[in-house]
2 protein chains.
Amino acid sequence: MPRDGTATRQRILDTAERLVIENGYAATTVDQVIAESRTSKGSFFHHFDSKLDLARSLVARYAAADIAHLDDAVARARAATDDPAEQVIAFVRVFEDDADELMSAQSSCLYVSILTERQLADAGTSKQIVEAITAWRTTLSTMLRAALDQRRPGHDIDTDALADHVFVTFEGAFLLCRSTGDNGHMRAQLTVLRQLLESLLA
Amino acid sequence: MPRDGTATRQRILDTAERLVIENGYAATTVDQVIAESRTSKGSFFHHFDSKLDLARSLVARYAAADIAHLDDAVARARAATDDPAEQVIAFVRVFEDDADELMSAQSSCLYVSILTERQLADAGTSKQIVEAITAWRTTLSTMLRAALDQRRPGHDIDTDALADHVFVTFEGAFLLCRSTGDNGHMRAQLTVLRQLLESLLA
DNA sequence: TCGGTACCAGACTAGTTGGTCTGGTTCCTA
DNA sequence: TAGGAACCAGACCAACTAGTCTGGTACCGA
């Protein structure tokens, strides 16, 4: 029997993330996480002080991956073209192309589950979510401002809000997929978002 | 002591709706609903067979109000102008103008809470949510098709997906408001949505 | 006036939940 | 090779949860 603490911890986090996204945080029991990650109560509470501590670790890991995903997409968009407006479109295309495999990997976003349970939002977990949202806003707002200044000088658009709209589209699309179980909505929504941005930056 | 069953039932529903939107379904206990609606266990289980039955009643009422809200906005948009494209913009403006009071009445959407808890989504509650989403899609898709055929003949836009994008913007904006507690995001997102549609239907 | 029905109150219960505790195993270091 | 630290197993517990049951009150038709 090997003793590898970090492996067990990761297994717990993976299982918990899946269950929380699937059923929500309150509906996910510690016993369930233990059973499905093939470990024990002693092990669980060795790695996490409480269920709330698990939630915080979960969000921290998820938000870090989310920001990494963002940075990667921005890098790819910048590598594709030097034109600011085309970079914006390329950015959306990165996610549009990956939409199907994204949805097969996770049927929804952890943020949704965490934010709907106020007990968590008040308990320090929301801070990291806000940081991730801010990262998206800051990065995209800059890109959008450059693109709009070039294509639509003198526009009256709030680039922060437009940047948020990308994030909003993701979260809303996750919900839409969830309602019918049809994951195809994610790609369709990203396509629509791109077409809207194309008409704005034409 | 007056005996008015329907009044008590409504009070329970009002309280439960507030609590579920605020804390989520699983995190909302029957005892809590009873306490805050100033009634008793006997009364609660007289009006509702189970907690799940409450959830179903809650969604039914909410979805009906949602569709009524939609129909009202469409009627107002049609009264404002005969031009299809201008109707679309007027429709969004109805919600844009009412955004602040909408957010003060409810800090989030019941759909989000219900959809994140899979136990409910599988238990017949999602059917009514899907019906409401379909109503939005059908109504708006028709409006959008007329507008696009006029302003952008030969376009390649999926009007169903574009119609869904309006719904998606609402749900995503609710989430965004929730993350920071800043309800101003709702109006900002609706403004951005309108500006994007204006550029598309210019 | 009487009996049935809708409505309501609150004690009670069986099952579940997060969390604790004791004991044991592996590994690292001195 | 001894002993401490990290890791893990699972019995156990106190608190809580949805739902039941018994008893009682207002109303309505006969």
Side-chain angles (χ1 to χ4, degrees), chain A residues 1-20 22-59 113-114 116-125, chain B residues 1-20 22-59 113-114 116-125:
Chain A
M1 190 79 76
R3 288 280 150 131
D4 188 352
T6 58
T8 304
R9 189 188 158 89
Q10 290 307 314
R11 223 171 49 239
I12 293 174
L13 284 171
D14 290 343
T15 305
E17 182 175 306
R18 204 186 71 238
L19 289 173
V20 169
E22 196 68 16
N23 308 321
Y25 171 77
T28 299
T29 69
V30 173
D31 285 341
Q32 204 179 350
V33 173
I34 288 165
E36 299 204 18
S37 62
R38 286 161 297 116
T39 178
S40 66
K41 221 129 205 202
S43 181
F44 181 93
F45 284 100
H46 171 75
H47 290 289
F48 304 97
D49 290 344
S50 64
K51 192 187 174 187
L52 187 62
D53 183 37
L54 168 71
R56 280 194 267 255
S57 304
L58 225 44
V59 174
S113 304
I114 298 296
T116 50
E117 319 240 352
R118 183 74 74 176
Q119 48 176 320
L120 296 177
D122 289 342
T125 54
Chain B
M1 189 79 76
R3 287 283 149 130
D4 189 350
T6 57
T8 304
R9 189 187 157 89
Q10 290 307 313
R11 221 170 52 239
I12 292 173
L13 284 171
D14 290 343
T15 305
E17 182 174 305
R18 202 187 74 239
L19 289 173
V20 170
E22 197 66 16
N23 308 320
Y25 170 77
T28 299
T29 69
V30 173
D31 284 343
Q32 202 178 352
V33 173
I34 288 166
E36 298 204 19
S37 62
R38 286 161 296 117
T39 178
S40 66
K41 220 121 205 209
S43 180
F44 181 93
F45 283 101
H46 171 75
H47 290 289
F48 303 97
D49 290 343
S50 63
K51 193 187 173 186
L52 187 61
D53 183 38
L54 168 72
R56 279 194 269 254
S57 303
L58 225 45
V59 174
S113 304
I114 299 297
T116 49
E117 320 241 352
R118 182 75 74 176
Q119 48 176 321
L120 296 176
D122 289 344
T125 53

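Treat the numbers as computed from the prediction; the structure is a model and nothing was measured. Side chains included, hydrogens not; waters and symmetry mates left out as well; all remaining heavy atoms used.
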K.L.:
Taking side chain to side chain contact (heavy atoms under 4.5 Å, CB included) as the test, write out the residues that go with A/R18, two or more places apart.
P.N.:
A/T15, A/E36
K.L.:
Nearest heavy atom decides the nucleotide; on that basis, is A/G42 or A/A27 closer to the 5' end of DNA chain C?
P.N.:
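On the 5' side of the pair lies A/A27.
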K.L.:
Just verifying a value: how many Å separate A/T6 OG1 and A/R9 CZ, rounded to the nearest 0.5 Å?
P.N.:
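Separation between the atoms: 9.5 Å.
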K.L.:
With respect to the side chain of B/S43, which nucleotide from C/dC8, D/dA9, C/dG19 is positioned closest?
P.N.:
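In terms of side-chain proximity for B/S43, the closest of C/dC8, D/dA9, C/dG19 is C/dC8.
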K.L.:
What is the distance, rounded to the nearest whole Å, between atom CG of B/D49 and atom C1' of C/dC7?
P.N.:
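After rounding, the gap between these two atoms is 15 Å.
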K.L.:
Where the side chain of A/T8 is defined as all heavy atoms beyond and including C-beta, which of D/dC8, C/dG18, D/dA9 is the nearest nucleotide?
P.N.:
D/dC8
K.L.:
Please determine, for the side chain of B/S40, which listed nucleotide (C/dA9, D/dA18, C/dG18) has the closest atom?
P.N.:
C/dA9
K.L.:
Are B/H46 and C/dC8 close enough that a side-chain N or O sits under 4.0 Å from OP1 or OP2?
P.N.:
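Answer is no, no contact under 4.0 Å.
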K.L.:
Which comes earlier along DNA chain C counting from the 5' end, the contact point of B/R38 or that of A/F44, where each point is its nearest nucleotide?
P.N.:
B/R38
K.L.:
Touch check for A/K51, heavy atoms < 4.0 angstrom, all strands: base, sugar-phosphate only, or nothing?
P.N.:
sugar-phosphate
K.L.:
Would you please confirm or rule out a distance under 4.0 Å between OP1 or OP2 of D/dC8 and any side-chain N or O of A/H47?
P.N.:
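Yes.
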K.L.:
The side chain of B/S50 is closest to which nucleotide in this list: C/dG10, D/dC8, D/dG19?
P.N.:
D/dG19
K.L.:
Compute the angle between the rotation axes at the two ends of the helix from C/dT1-D/dA30 to C/dA30-D/dT1, each taken over five pairs, rounded to 10 degrees.
P.N.:
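Helix axis angle between the two ends: 0°.
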K.L.:
Using modelled atom types only, decide if a donor and an acceptor are shared between the side chain of A/R11 and the backbone of A/R38 within a distance under 3.5 Å.
P.N.:
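Present.
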K.L.:
Counting any heavy atom closer than 4.0 Å, what does A/T28 reach on the DNA or RNA strands: base, sugar-phosphate only, or nothing?
P.N.:
sugar-phosphate
K.L.:
Kindly write out the residues that satisfy side chain to side chain contact (heavy atoms under 4.5 Å, CB included) with B/F44, not counting sequence neighbours, or none if the list is empty.
P.N.:
B/I12, B/V30, B/V33, B/I34, B/F48, B/L54
